[in-house]
Amino acid sequence: MRIAVISSEAVPYSKTGGLADVSGALPKALRRIGNDAFLITPLYLQTSGEHLWKLAIDDLLVEWRGRQYPAKVFYSEANGSPTFLIDAPEYLHRDSIYGYTEDHERFAFFNMAALALIRRLGKPVDIVHLNDWHCGFAAVKIAHLRFWDPFWRNTRTVFSIHNLAYQGAFGSGELWKLGFGSEFEQNHFAFEGHASALKGGLSASDMLSTVSRRYGFEIQSSENGYGLDWLLRARSDRLFGITNGVDYEVWNPETDPDIPANYSPADLSGKLECKKALLEQFSLPVDLDKPVFGVITRLTAQKGIELIQHSAAELINSGAYLIALGSGDKQYESFLQQLKNAAPGQVGVYIGYNEKLSHQIEAGADMFLMPSKFEPCGLNQMYSLRYGTVPIVRAVGGLDDTVVNFDRVNGTGNGFKFSRFDPSELAEKMYEALFAYADPEVWQAIQRNGMAEDNSWESAAGKYVELYRRTLQR
Ligand code: ADP
């Protein structure tokens with residue numbers, strides 16, 4: 001199958017969250033199992049690895065506002081699959097990747113450029129795989145083009161929901177300007193008196209997927225559906241949950257070049273070295289008997305930081321360490337700073353984004369906290385499993401699908417899981433984990449259960465191929 005994956009961010013070019021990990025890894029995994037897959041993503045000011053790409057097309061003409069707008073396209077294979085980077089500084093160069101009132105316009109342009117590129121490459125694609133609201137425009141446009149343009153006639157679209165909370169809303173009056181003048185197109189975008197790029201994608205795509213089975217069910221309820229649950233229920237026969245894979249070439253403690261010592265389930269001694277180095281790096285007193293809780297996250301309400309906030313006293317009183325890496329909402333950033341000031345010998349905080357440090361925390365921590373309010377899939381709990389870092393999570397979305405609560409009686413399970421969004425439940429699970437940690441034999445059994453889990457892309461990519469087949473058959 002010929003598959004174009006379109007995404008607003010992809011590792012190793014750009015990343016603000018899990019979407020980038022998925023978009024970077026999926027085309028590579030699809031190719032490995034015999035598909036002609038390629039990736040289209042924007043070239044931002046923030047895109048890294050300038051030496052990795054070269055100019056491929058310097059005169060891509062994009063149908064845009066009644067004229068042909070020129071863009072450039074760069075080419076790279078740095079993620080293991082052919083990648084086309086759309087270069088249009090007027091729309092894509094900003095101080096940050098997202099967060100502007102005209103984001104709908106920026107990504108509508110990116111979508112139109114991606115479609116112009118596919119056409120320019122000359123060969124129709126079977127599947128266009130679109131991701132999150134930034135790609136909703138392409139879903140609507142392809143559905144429309146298919147009526148009269150033979151190039152798109154046999155192309156089918158799959159739209160993946162990585163996070164339903166971000167909807168790409170804008171005024172319906174803008175649709176004309178963006179090139180969506182027909183009633184057919186406008187109806188797809190129409191949502192509660194405005195236009196929503198996410199709704200466009202959910203409504204116009206041939207097939208829908210989301211990044212875990214459990215999240216696929218959750219978003220069909222009015223509590224978690226952001227006003228779109230009715231649409232998801234109506235299209236539930238086309239909505240499939242496929243848990244994200246982990247790129248084990250990047251996240252593997254046996255080969256990871258970013259950590260001070262490599263280790264494996266057979267010999268965990270390197271993990272202790274990683275822990276020592278991590279404590280030193282944060283200028284914390286090195287007491288290797290005390291456990292380290294790790295946190296790596298965007299600091300938003302979604303991630304349940306307030307549960308950590310309201311159970312922090314219990315954590316500190318237990319004598320454990322907490323090492324947190326993240327950036328985002330100021331209130332959570334200052335909570336972490338304050339906690340560090342209150343317990344400088346136990347807490348390490350890095351406010352910002354730091355890829356290398358994220359590997360070092362995964363390797364050096366004993367436990368990983370992820371008490372999310374909601375979590376479409378979540379990657380860090382899966383990285384933690386592979387690094388022998390026992391996840392403590394709330395049983396929602398992908399966290400519920402991938403973490404199995406430890407059962408002392410029969411030795412099964414790979415982490416600790418609680419249900420209610422309540423700090424006392426988190427504290428209880430932390431205590432349970434500390435109790436298990438105190439017995440090295442029990443602890444290593446949990447670690448090894450986690451390290452043995454296979455959340456590789458091989459299995460996830462196979463499920464996507466199956467989904468593409470079904471899409472083409474419908
Ligand atoms: P989300 O996409 O909602 O942010 P995921 O768990 O799916 O959550 O993916 C988050 C990804 O971003 C992980 O790869 C994680 O390691 C990374 N990440 C988040 N915050 C930071 C940070 N401050 N520094 C480095 N990596 C981060």
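Along the sequence shown, the residues carry numbers beginning at 1. First listed ligand is number 1; within each ligand, the first listed atom is number 1.
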Item checked: Candidate pair Y468 and H129, rule ring pair (Phe, Tyr, Trp, His ring centres under 6.0 Å), full reasoning -> CA-CA 9 Å; Y468 300 152; H129 187 156; 5.7 Å; yes
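- A donor-acceptor pair is defined here as one N or O able to donate and one able to accept, closer than 3.5 Å; such a pair exists between the side chain of D401 and the backbone of R214.
- No hydrogens or angles considered: nothing links the side chains of Y44 and E9 as a donor-acceptor pair under 3.5 Å.
- Identified under the side-chain hydrogen bond (donor to acceptor under 3.5 Å, both in side chains) test for residues 257-279, with sequence neighbours left out: D267-S269, K271-T389, K275-D366, K275-Y437, K276-E280.
- Residue pairs that meet the salt bridge (Lys or Arg N to Asp or Glu O under 4.0 Å) test with at least one member in residues 223-237, sequence neighbours left out, are D229-R233, D237-R474.
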Report all N/O contacts between ligand 1 and the protein shorter than 3.5 Å as a table of atom names and distances to 0.1 Å; if there are none, say 'none'.
residue  : atom   : partner : partner atom : Å
ligand 1 : 2 (O)  : G18     : N            : 2.6
ligand 1 : 3 (O)  : R298    : NH2          : 2.8
ligand 1 : 3 (O)  : K303    : NZ           : 2.8
ligand 1 : 4 (O)  : R298    : NE           : 2.7
ligand 1 : 6 (O)  : L379    : N            : 2.9
ligand 1 : 8 (O)  : K303    : NZ           : 3.1
ligand 1 : 9 (O)  : G18     : N            : 3.2
ligand 1 : 14 (O) : K15     : NZ           : 2.8
ligand 1 : 14 (O) : D21     : OD1          : 3.4
ligand 1 : 16 (O) : N380    : OD1          : 3.4
ligand 1 : 16 (O) : N380    : ND2          : 3.3
ligand 1 : 23 (N) : G352    : O            : 2.8
ligand 1 : 24 (N) : N354    : N            : 3.0

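- Applying the salt bridge (Lys or Arg N to Asp or Glu O under 4.0 Å) rule to pairs touching residues 13-22 yields K15-D21, K15-E355, sequence neighbours excluded.
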